[in-house]
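When a ligand or atom number is given, it counts from 1 through the structure's own listing order.
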Amino acid sequence: MADFTIEPHLADALGRLGEAKDERLRELTAAFTRHMFAFIEEVRPTEQEWLAGIEFLTAVGQECDDKRQEFILLSDMLGVTMLVDYLNHGSAPGVTETSVLGPFHREGAPKLDNGTTISQDGIGEPVVISGRVTDEAGAPITGAVLDVWQTAANGLYEVQDDSQPDYNLRGIFTTDGDGRYALRTVKPVSYPVPIDGPVGALMTALGRHSYRPAHVHFIVSAEGYKPVVTQLFTDDDPYLRSDAVFGVKGSLVVTYQRGAEEWRVTYDFGLERAA
Ligand SMILES: [Fe+2]
């Protein structure tokens with residue numbers, strides 16, 4: 001039997017995958033194994049460090065329940081969620097760029113007429129967001145659906161905050177015959193990702209802040225088109241260049257123009273025809 005050295009050990013570990021029935025599972029496990037070996041060879045952890053890593057991942061799993069997904073937060077704060085998002089959606093001319101869905105979307109938001117506000121308690125600075133939904137070539141899409149949600153002025157989504165009405169700051173709008181939509185809301189604010197768990201402890205240990213720049217979430221969809229999951233960011237936000245989860249793209253930063261009674265934001269969404 002050959003001496004135990006790294007190269008034949010890796011070849012042996014990869015060789016065991018040859019019998020996998022699912023080819024994609026084999027490919028994923030092989031790549032994970034190769035990169036894990038390279039990682040370990042690079043950082044050469046002590047056994048205590050390796051155990052600390054396992055204990056960290058165990059704590060991340062134990063923090064998860066039906067309301068909280070600490071692994072998604074870990075993926076987000078490492079920048080991996082946005083990498084997966086980019087590799088799946090890329091960017092194409094005339095098509096709105098994507099950003100993270102985040103953990104706070106809810107199905108079943110109220111369907112509202114254009115021009116209606118999604119703020120049920122009216123707390124905050126009023127904003128009108130309006131524009132069109134078009135195809136890649138700029139032709140308006142009638143009947144496109146915009147599912148919108150955001151935090152309240154205190155930085156909390158209504159699911160995190162018993163003091164807010166149910167479905168506060170959530171609504172579903174539909175474009176008119178010219179592809180136009182308009183909604184009223186309040187100016188969003190920056191807010192921290194949850195930092196009371198193991199991922200927050202890691203961010204603190206790394207000297208990182210936990211804030212996301214103010215944004216409004218959108219899922220824009222229309223029959224025959226690929227839906228876009230995205231966010232519109234406030235141009236004057238101090239965290240725009242250091243979003244804790246790397247969700248900001250230049251094309252998603254919008255200008256809040258101060259009107260006489262309310263802020264105004266104009267944004268056109270572009271959808272790509274489904275194959
Ligand atoms: Fe958010």
Side-chain angles (χ1 to χ4, degrees), residues 64 67-86 89 96-110 117-121 123-125 127 129 146-173 183-197 199-200 203 208-221 227-254 256 263 265 267 269:
C64 297
K67 287 214 178 76
R68 178 151 175 177
Q69 229 304 350
E70 194 79 353
F71 269 110
I72 292 180
L73 183 59
L74 179 60
S75 165
D76 290 353
M77 67 76 79
L78 290 172
V80 176
T81 305
M82 281 302 286
L83 176 62
V84 173
D85 175 86
Y86 179 74
H89 299 288
T96 299
E97 289 193 287
T98 50
S99 188
V100 292
L101 173 68
F104 298 113
H105 178 252
R106 278 182 78 188
E107 298 292 338
T117 186
I118 57 173
S119 170
Q120 295 181 35
D121 54 16
I123 301 170
E125 301 175 46
V127 184
I129 305 177
L146 300 97
D147 191 341
V148 186
W149 69 106
Q150 68 168 73
T151 53
N154 63 2
L156 295 172
Y157 289 87
E158 116 281 20
V159 285
Q160 303 172 286
D161 180 7
D162 290 339
S163 76
Q164 292 181 47
D166 199 26
Y167 283 104
N168 190 34
L169 293 160
R170 296 176 190 274
I172 294 176
F173 296 84
L183 64 102
R184 285 189 156 74
T185 182
V186 292
K187 198 164 186 273
V189 297
S190 348
Y191 66 84
V193 297
I195 50 161
D196 55 342
V199 173
M203 293 181 82
R208 281 179 51 175
H209 76 72
S210 57
Y211 274 80
R212 299 217 56 213
H215 56 271
V216 181
H217 291 267
F218 288 85
I219 299 174
V220 185
S221 58
V228 165
V229 176
T230 196
Q231 306 175 25
L232 297 184
F233 295 91
T234 308
D235 61 336
D236 59 359
D237 194 282
Y239 298 105
L240 210 51
R241 291 178 192 283
S242 64
D243 183 355
V245 305
F246 306 93
V248 181
K249 293 174 178 173
S251 68
L252 302 176
V253 178
V254 295
Y256 278 70
W263 293 93
V265 172
Y267 196 83
F269 293 93

Sort by chain and number the protein N/O/S atoms found under 2.8 Å from the Fe ion (ligand 1).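 Correct list: Y157 OH, Y191 OH, H215 NE2, H217 NE2.
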Centroid-centroid distance, H209 to Y239, less than 6.0 Å: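 Under 6.0 Å, so yes.
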Let me see the working for Y191 and H215 under side chain to side chain donor-acceptor pair (under 3.5 Å), right down to the final yes or no. CA-CA 10 Å; Y191 66 84; H215 56 271; 3.2 Å; yes
Checking D166 now: which residues fulfil side chain to side chain donor-acceptor pair (under 3.5 Å) with it, not counting sequence neighbours?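 D166 satisfies side chain to side chain donor-acceptor pair (under 3.5 Å) with R106 once adjacent residues are dropped.
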Keeping S99 on the side-chain end and G247 on the backbone end, is there a donor-acceptor pair under 3.5 Å?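 Yes, because the side chain of S99 sits within donor-acceptor range (under 3.5 Å) of the backbone of G247.
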Testing V127, V148, V265 for side chain to side chain contact (heavy atoms under 4.5 Å, CB included) with T185, which one passes?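 Of all the options given, the one that passes is V127.
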Criterion side chain to side chain contact (heavy atoms under 4.5 Å, CB included) against I118, the qualifying member of V216, L169, N168, I129: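 Of V216, L169, N168, I129, side chain to side chain contact (heavy atoms under 4.5 Å, CB included) with I118 is met by L169 alone.
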